[in-house]
Amino acid sequence: MINSLTLLASLAALGAGEPGMANKGPVTLETRLAQAGAQFEKMDTNGDGFLTEADKPERPDHFASLDADGSGAIEKDEMLDQALARFDERDTNANGTIDEDEKPDRQRRFARKGGGERGAMTREKVEEMVSKQFDHLDADGNGAVTQEEMEAAREARKGMREGRRGGDRRGGHPDLSKVDTNGDGKVSKEEHLAATEARFKKLDTNGDGTLTEEERRAAYKGKRDQ
C-alpha cells in the first residue's frame, strides 16, 4: 500500500518548513503545525482521518488536452498552437514578448531562486523550446507523440526527480515509512503532524522555535546542491 500513496510524497515537507512554502518572514512551530493540520484536512477528501489511495486526486489528462483533433497522437503543430495560444494570453500588451511583470508569480519566484530563466520571453523562444520538447517526446521520430511515449517520458522524469531526492530505487518513491510510522499503509493526522514537527526542527538550525527566511533559504540551497 505504501508505494501507492504517491500523493503523500511531500508529506514530510507539507507544512513542515519546506523552503517553497508561501510564508514570508519568521514562522513559529505553532503556526506551521496549524498550517499542516489544515492542509491535512483538505487532502483527506473522504474525511476518514487518514490519507490513503482513496484521497488521491485524479491526474489531469494532459494528453487529451494536447490532442486537439482527437486522433490519438499529438503532432508538433498541435503542441505549438496551444503553447502560442497560452503565450498570447499572457502577453497582455500584445508586444510579442512576455515581460517579467507578465509572468505568473510562481514562475518569477522560481527564476529568482535560480530555477528558471529571467527576463523577457519571446514567441521565437517559445517555438524553439516547444520544438525541442516535442522532439524529445517523439521517441520513435515519426512526427507524432503517442500517449505511451508521453507516459514513458513522464515516468523517466519522475524517476530522475526521486533519484535526486533519495527515493526508493525499487519503485522510485520516497520512503514513506518514515511518515507511516505504524506501518499500516495509511497516514494519520498525528503521524503527519509528527513528521511536520520533525522537519521543522531539522530546518530550525538554531533551535529557537522559529524558522527564519535565512534558514529556509539555507535549506533550499542545500537541496539544490545535493
Side-chain angles (χ1 to χ4, degrees), residues 3-10 13-14 20 22 42-43 45 53-174 223-224 226:
N3 277 345
S4 69
L5 302 181
T6 309
L7 80 158
L8 303 177
S10 62
L14 195 64
K42 184 176 180 180
M43 292 179 69
T45 54
E53 181 69 16
D55 298 304
K56 183 177 179 179
E58 292 186 10
R59 193 175 66 201
D61 190 351
H62 296 301
F63 183 89
S65 66
L66 289 170
D67 182 18
D69 61 7
S71 65
I74 302 168
E75 297 179 353
K76 184 176 288 189
D77 286 345
E78 289 177 309
M79 190 174 287
L80 278 171
D81 287 346
Q82 293 195 40
L84 292 176
R86 290 194 297 272
F87 179 96
D88 291 339
E89 289 177 1
R90 292 178 180 173
D91 182 19
T92 54
N93 61 9
N95 69 345
T97 300
I98 295 179
D99 303 309
E100 195 67 22
D101 61 352
E102 291 175 318
K103 292 180 180 179
D105 290 342
R106 181 178 180 183
Q107 187 175 348
R108 291 201 300 271
R109 290 195 300 269
F110 187 57
R112 284 197 297 270
K113 292 178 180 179
E117 293 192 28
R118 301 188 69 171
M121 175 70 70
T122 63
R123 286 177 68 89
E124 290 75 15
K125 182 65 174 177
V126 170
E127 291 177 357
E128 178 186 345
M129 292 171 62
V130 171
S131 182
K132 287 182 178 179
Q133 181 184 22
F134 182 91
D135 292 342
H136 174 72
L137 293 172
D138 183 18
D140 60 11
N142 70 345
V145 175
T146 64
Q147 189 155 10
E148 289 74 18
E149 287 174 320
M150 183 170 284
E151 185 66 20
R154 189 189 73 83
E155 289 298 324
R157 289 194 302 271
K158 177 181 176 183
M160 290 176 63
R161 287 195 303 268
E162 297 301 349
R164 289 194 297 266
R165 296 171 185 170
D168 183 349
R169 292 185 179 181
R170 294 169 298 177
H173 301 298
K223 287 182 65 178
R224 289 187 60 207
Q226 289 178 356

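Because the structure is a prediction, the values reported are computed rather than measured.
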Checklist entry - When you measure from the side chain of E155 to the backbone N and O of A152, does any donor-acceptor pair fall under 3.5 Å? => result no

Checklist entry - Hey, is the main chain of F63 close enough, under 3.5 Å, to the side chain of Q147 for a donor-acceptor pair? => result no

Next on the checklist: If we ignore hydrogens and angles and just use 3.5 Å, is the side chain of E127 paired with the main-chain N or O of L84 as donor and acceptor?
Outcome noted: no

Checklist entry - Thinking salt bridges, do R123 and D88 make one under a 4.0 Å N-O criterion? => result yes

Checklist outcome for this item: Value for CE (M79) from CG (D77), rounded to nearest 0.5 Å, stands at 11.0 Å

Item to check | From CA spacing to verdict: side-chain contact (heavy atoms from CB on, under 4.5 Å), I74, M150 | outcome: CA-CA 10 Å; I74 302 168; M150 183 170 284; 3.6 Å; yes

Next on the checklist: So which atom in V130 and which in A83 form the shortest heavy-atom distance, rounded to 0.1 Å?
Outcome noted: CG2-CB, 3.6 Å

Next on the checklist: One pair to check against side-chain contact (heavy atoms from CB on, under 4.5 Å): R90 and M121. What are the steps and the verdict?
Outcome noted: CA-CA 11 Å; R90 292 178 180 173; M121 175 70 70; over 6 Å; no

Checklist entry - Any Lys/Arg nitrogen of K76 or D135 sitting under 4.0 Å from an Asp/Glu carboxylate oxygen of the other? => result yes

Checklist entry - Can you name the nearest heavy-atom pair linking A144 to N142, along with the distance? => result O-OD1, 2.8 Å

Checklist entry - Would you call R86-E89 a salt bridge at under 4.0 Å N-O? => result no

Checklist entry - Does N95 offer a backbone N or O that forms a donor-acceptor pair with the side chain of D91 under 3.5 Å? => result yes

Checklist outcome for this item: All heavy atoms of A153 vs all of L137, minimum pair found to be CB-CD2, 3.4 Å

Next on the checklist: Is it true that D99 and T97 share a donor-acceptor pair across their side chains at a distance under 3.5 Å?
Outcome noted: no

Checklist entry - Side chains of T146 and E149: does their closest heavy-atom pair fall under 4.5 Å? => result yes

Checklist entry - Sub-3.5 Å donor-acceptor pair from the side chain of E78 to the main-chain atoms of E75, do we have one? => result yes

Next on the checklist: Treating D138 as the side-chain partner and V145 as the backbone partner, does any N or O pair qualify as donor plus acceptor under 3.5 Å?
Outcome noted: no

